[in-house]
There are 2 protein chains.
Amino acid sequence: MWAEPGSAKWVAHCRRGACNNKHASVTEGKVESICHKTQRMGRLLRRAAEFFLKGTLFFPCEPDRGLVRVQELTPEKAGQLIWVRARIHTSRAKGKQCFLVLRQQQFNVQALVAVGERASKQMVKFAANINKESIVDVEAVVKKVQQKIESCSQQDVELHIERIFVISQAEPRLPLQLEDCVRPEGEGDEDGRATVNQDTRLDNRVIDLRTTTSQAIFRLQSGVCQLFRDTLTDKGFVEIQTPKIISAASEGGANVFTVSYFKTSAYLAQSPQLYKQMCICADFDKVFCVGPVFRAEDSNTHRHLTEFVGLDIELAFNYHYHEVIESITDTMVQIFKGLRDKFQTEIQTVGKQYPSEPFKFLEPTLRLEYSEGVAMLREAGVEMGDEEDLSTPNEKLLGRLVKEKYDTDFYVLDKYPLAVRPFYTMPDPNDKKYSNSYDMFMRGEEILSGAQRIHDAQLLTERAMHHNIDLEKIKSYIDSFRYGAPPHGGGGIGLERVCMLYLGLHNVRQTSMFPRDPKRLTP
Amino acid sequence: MWAEPGSAKWVAHCRRGACNNKHASVTEGKVESICHKTQRMGRLLRRAAEFFLKGTLFFPCEPDRGLVRVQELTPEKAGQLIWVRARIHTSRAKGKQCFLVLRQQQFNVQALVAVGERASKQMVKFAANINKESIVDVEAVVKKVQQKIESCSQQDVELHIERIFVISQAEPRLPLQLEDCVRPEGEGDEDGRATVNQDTRLDNRVIDLRTTTSQAIFRLQSGVCQLFRDTLTDKGFVEIQTPKIISAASEGGANVFTVSYFKTSAYLAQSPQLYKQMCICADFDKVFCVGPVFRAEDSNTHRHLTEFVGLDIELAFNYHYHEVIESITDTMVQIFKGLRDKFQTEIQTVGKQYPSEPFKFLEPTLRLEYSEGVAMLREAGVEMGDEEDLSTPNEKLLGRLVKEKYDTDFYVLDKYPLAVRPFYTMPDPNDKKYSNSYDMFMRGEEILSGAQRIHDAQLLTERAMHHNIDLEKIKSYIDSFRYGAPPHGGGGIGLERVCMLYLGLHNVRQTSMFPRDPKRLTP
């Protein structure tokens, strides 16, 4: 029994083998099902059918069905007649029965429509013809199964369907198949089965994001943000909102996107740093912000995006900038612990497609000086100068050496050469070759860059001149420190990198919902 | 006793009446004070002085001072010798004594340097000469006072200073005075005392943000974000991060900022709506995001910004879009309750400068239909058509009428005329003149606009054509709904407006740390 099967917007099958007009029940308050055999559709019936065509659900008052979540379908529910709303994940008709897998986010359950007392032959045929990825409401009896259903998250039960409604019909041809998207790396190649390349996935992100892997990645990412903020809020930090449209490029103008701003031009902020520092000068003491950061770098690498999410921290310290490092590393440790303790399901889910070693960290966090790092690299055969910056391969090598020696995937490299850091970095008072600055690494890749900032207008002016920066362009930045500025420091963490490296993934586009790079602006 | 008084970077006064070389104590590990009378400065002393000149604090290991917070200075601490780091809020020398008010964020305390056993005449003179807004460390004895100090937050104690160090010296001339910035509206005019206009404040935001009023506003704003997210996380929502650089202007191209994107052009997102909806189509079920929203509107009003923070919600619903309204109104109610219960100090502080009636709300939230609102306005003498949009004055008037009749500052206006809403708004299935859309109001001003969205590609196409929108430009938007889309709805809340209206302020620039409007891009 269904209404306008062609439109397939809202279709009901009756539980009897043969269709009967009496089953068409449409009342002012409630549309339950409409019979396709009803020749004399009443006013209400016609009106309802019209809404279905328009895709409008018509429930002036709510039906009293309680929808059960797929993850709640456990043996305790055996024998119960329940309603579920889910997607058709797979569908396989076999003689007088049709096996469906119904999916809801990371969870799925097997369901069966079989010709018999509960369903007609037409109903089985109808169910078998619903396109994959369509959303359906089913009324079904929960049954315990003898043998575990290994392919589903709900392994101990299946659903015996009595009624099935299509809430939203998917088009018959999908641009990519979900099962191809979750196939573990390499497996497709071996078996000759399809895998989906990254661009196809990203072009069809709305489907790619439905995979168990994507669902797990972005739920974990949501968790990283929450852990970051909760930890800092507990430490007395204040959340701030900083502008993204700015009038001048504070770091000298390279790699910055230009915006048309009414009759003038503006830029997109490469970091909230100036504003974080102004908040410190404005007595907020400890601040954080979570927001987009824009880099107009033409870098097509596995770890660069032109727009990413920065988890930014800035704080005044009392006596030593290591107070800042401790505050940041402790925040990272709280994030790692929170993920380990609360997101084990997600970590395991991602691991099925992308296996990796569990992420290791120490308490307290390992802090090495830059010169120690250089010494370790030299011992491993690398030739480099004391004041030379780390290349990406050397960063990775050092990550491996540190892992071997200290058994940690997270560490801080402190006291970078002054020459390789931005002008606002505080020089090391003990050795002018170095600076009070640091990077933090996960699995050998940089996730944070930070420093004690110069809080003295005069010294800042000197350092800017040393870097040949136009003082006029950074005047308001320098002026911020003229009316009393506490010593302070901070850093910015790349959210997508943290998620990528924590999960042992290999491309930052996997941890950005809608990544932006020099070649990608859509979807 | 001080080092290089001219540089004033780090200055120590000894506790004795007369200066004595022995008090100059600089050791490798710790710089405590340097005597200006020491003629033979040692190597260390010279080095220390050099760091002071550079503004670098030099503490290779931390001194064992525990700094006490100003708000912790209560009678229980009477008699204790403590260290405090704070700003010089005011300074008044009177004969052999100098009264200081030391300020730390919203808190302040009176402090006294007096010639006697503990301080020399020079020390009093030195203290009196420290510029306002400079940051100092003081060592002082906490004393109970006989008479409450009405002008300070810590009314029952004062500090008797024994040592004072300047951590960061402010320039002698401040561009604006803090006391002028916190003067209640109107008071300045009556007494002929100075008030500070908004542009001067915003031009010098780093100082303006130090006022008790600003500190309270932005701490409350941080609280709004936290309450918003915590409420939604508890309801099972997932936080998402949506891109701000987009390839096409989804709502037709008006009021959108253009960005140069390598060799092409892009736009700044006017709302995260498309991406929220894609997440719903990608099975995230209930999502929220907090982030910047860009509007290239040349509106110079009290409530428009070109960049503001959107608190965005989108969720799939089961049977009726009122489930969405309930989810949003409940979130707002949780925010109002959280502010009332946890931010009373901040509310009171802002109220001292900007008095207003406490914010009133009902549970459950009042929901009126648009037609009811129009009827109320007509009864009050307004002439308007059924399908005419509300003008700003009529919105405000309706807010007053609703307050009179229902005693609430927060309500929902539901079922807007279809004609005044965007093309993606779901029409009302019962009456094609109206739509399943709503606005929410605080003190008569709109803070949220939302709707059930059309989740059917065919109906969406029809509606876009009706609005003369170029289908090619919104192809990817429409395609998002082709592979099964649950019925859903949502809305976007303006953070700055919520804060402004909750606190009864009159300009949205007061609740934006660094506001952007057609005429302001700095700081």
Side-chain angles (χ1 to χ4, degrees), chain A residues 51 54-59 62-63 67 87 105 133-135 168 170-171 174 206-207 209-210 219 222 225 238-241 243-245 247 257-260 262 266 275 278 281-283 291-292 307 309 318-320 429 455-456 459 476 480 482-487 514 516 518 521-523, chain B residues 51 54-59 62-63 67 87 105 133-135 168 170-171 174 206-207 209-210 219 222 225 238-239 241 243-245 247 257-260 262 266 275 278 281-283 291-292 307 309 318-320 429 455-456 459 476 480 482-487 513-514 516 518 521-523:
Chain A
F51 300 139
K54 297 289 189 202
T56 316
L57 287 183
F58 175 55
F59 283 107
E62 295 178 24
L67 294 175
R87 284 191 194 270
Q105 299 162 347
E133 293 299 307
S134 296
I135 300 171
S168 174
E171 295 203 347
L174 296 172
V206 74
I207 297 175
L209 286 175
R210 293 178 191 169
R219 277 161 208 279
S222 171
C225 293
V238 176
E239 179 173 6
I240 57 168
Q241 306 291 340
K244 304 308 163 197
I245 303 181
S247 61
F257 287 113
T258 308
V259 183
S260 304
F262 302 101
Y275 295 96
M278 284 174 74
C281 295
D283 291 347
E307 179 181 343
V309 177
N318 291 336
Y319 302 113
H320 199 286
H455 61 284
D456 176 78
L459 179 58
S476 74
S480 307
R482 295 197 189 279
Y483 308 106
F514 303 101
R516 295 290 180 258
L521 256 173
T522 53
Chain B
F51 299 140
K54 297 288 190 201
T56 317
L57 285 183
F58 175 55
F59 282 106
E62 294 178 23
L67 295 175
R87 284 191 195 270
Q105 300 161 347
E133 293 301 305
S134 296
I135 299 171
S168 174
E171 295 203 347
L174 296 172
V206 76
I207 297 174
L209 286 175
R210 292 178 191 169
R219 278 161 206 277
S222 172
C225 293
V238 176
E239 178 174 7
Q241 305 291 340
K244 304 309 164 198
I245 303 181
S247 62
F257 288 114
T258 308
V259 183
S260 304
F262 302 102
Y275 295 95
M278 284 174 74
C281 295
D283 289 347
E307 178 181 344
V309 177
N318 292 336
Y319 303 113
H320 199 287
H455 62 283
D456 177 79
L459 179 58
S476 74
S480 306
R482 296 196 189 280
Y483 308 106
M513 266 195 176
F514 304 100
R516 295 291 180 256
L521 257 174
T522 54

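Not measured: the values here are computed from a predicted model. Numbers restart at 1 for each chain; the letters A, B, ... are given by sequence-line order, proteins then strands.
To the nearest 0.5 Å, atoms NZ (B:Lys244) and CD (A:Glu307) are separated by 7.0 Å. Distance CD1/B:Ile135 to SG/A:Cys281: 7.5 Å, rounded to 0.5 Å. To the nearest 0.5 Å, atom CZ of residue B:Phe514 and atom CD1 of residue A:Ile240 are 7.0 Å apart. Rounding to the nearest 0.5 Å places OG of A:Ser168 at 7.5 Å from CG of B:Asp456. Here the CZ atom belonging to B:Arg87 is positioned 4.0 Å from the CG atom belonging to A:Asp283, to the nearest 0.5 angstrom. How far OH of A:Tyr319 is from CG of B:Leu67: 3.5 Å, rounded to the nearest 0.5 Å.
With a threshold of 4.5 angstrom between heavy atoms, A:Arg482 approaches chain B through its backbone and through its side chain. For chain B, the nearby part of A:Pro292 is the side chain; its heavy atoms alone come within less than 4.5 Å. Interface remark: A:Ile245 contributes backbone and side-chain atoms alike to the contact with chain B (heavy atom separation under 4.5 Å). Within the 4.5 angstrom heavy-atom criterion, no atom of A:Ser476 approaches chain B. Interface residue A:Val259: backbone and side-chain heavy atoms are both found under 4.5 Å from chain B. Contact of B:Val309 with chain A is made through the side chain alone, with heavy-atom distances under 4.5 Å. Looking at A:Glu133, the atoms closer than 4.5 Å to chain B (heavy atoms on both sides) sit in the backbone and in the side chain alike.
Closest approach of B:Ser247 and A:Thr522 over heavy atoms only: OG-CG2, 3.0 Å. Of all non-hydrogen atoms in B:Tyr275 and A:Arg516, the two that sit nearest each other are OH-NH2, 3.0 Å. In terms of heavy atoms, A:Tyr483 sits closest to B:Glu171 at CE2-CB, 4.2 Å. Contact record, B:Leu209 with A:Ala282: CB-CB, 3.6 Å, taken as the closest heavy-atom pair.
Chain B forms the most heavy-atom pairs under 4.5 Å with one residue out of A:Arg219, A:Met278, A:Arg210, and that residue is A:Arg210. Listed options A:Ser134, A:Gly291, A:Ala266, A:Pro486 were ranked by heavy-atom pairs under 4.5 angstrom with chain B; first place goes to A:Pro486.
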* To do: Walk me through it: do B:Gln241 and A:Cys225 pass the test side-chain contact (heavy atoms from CB on, under 4.5 Å)?
  => CA-CA 10 Å; B:Gln241 305 291 340; A:Cys225 293; 3.5 Å; yes
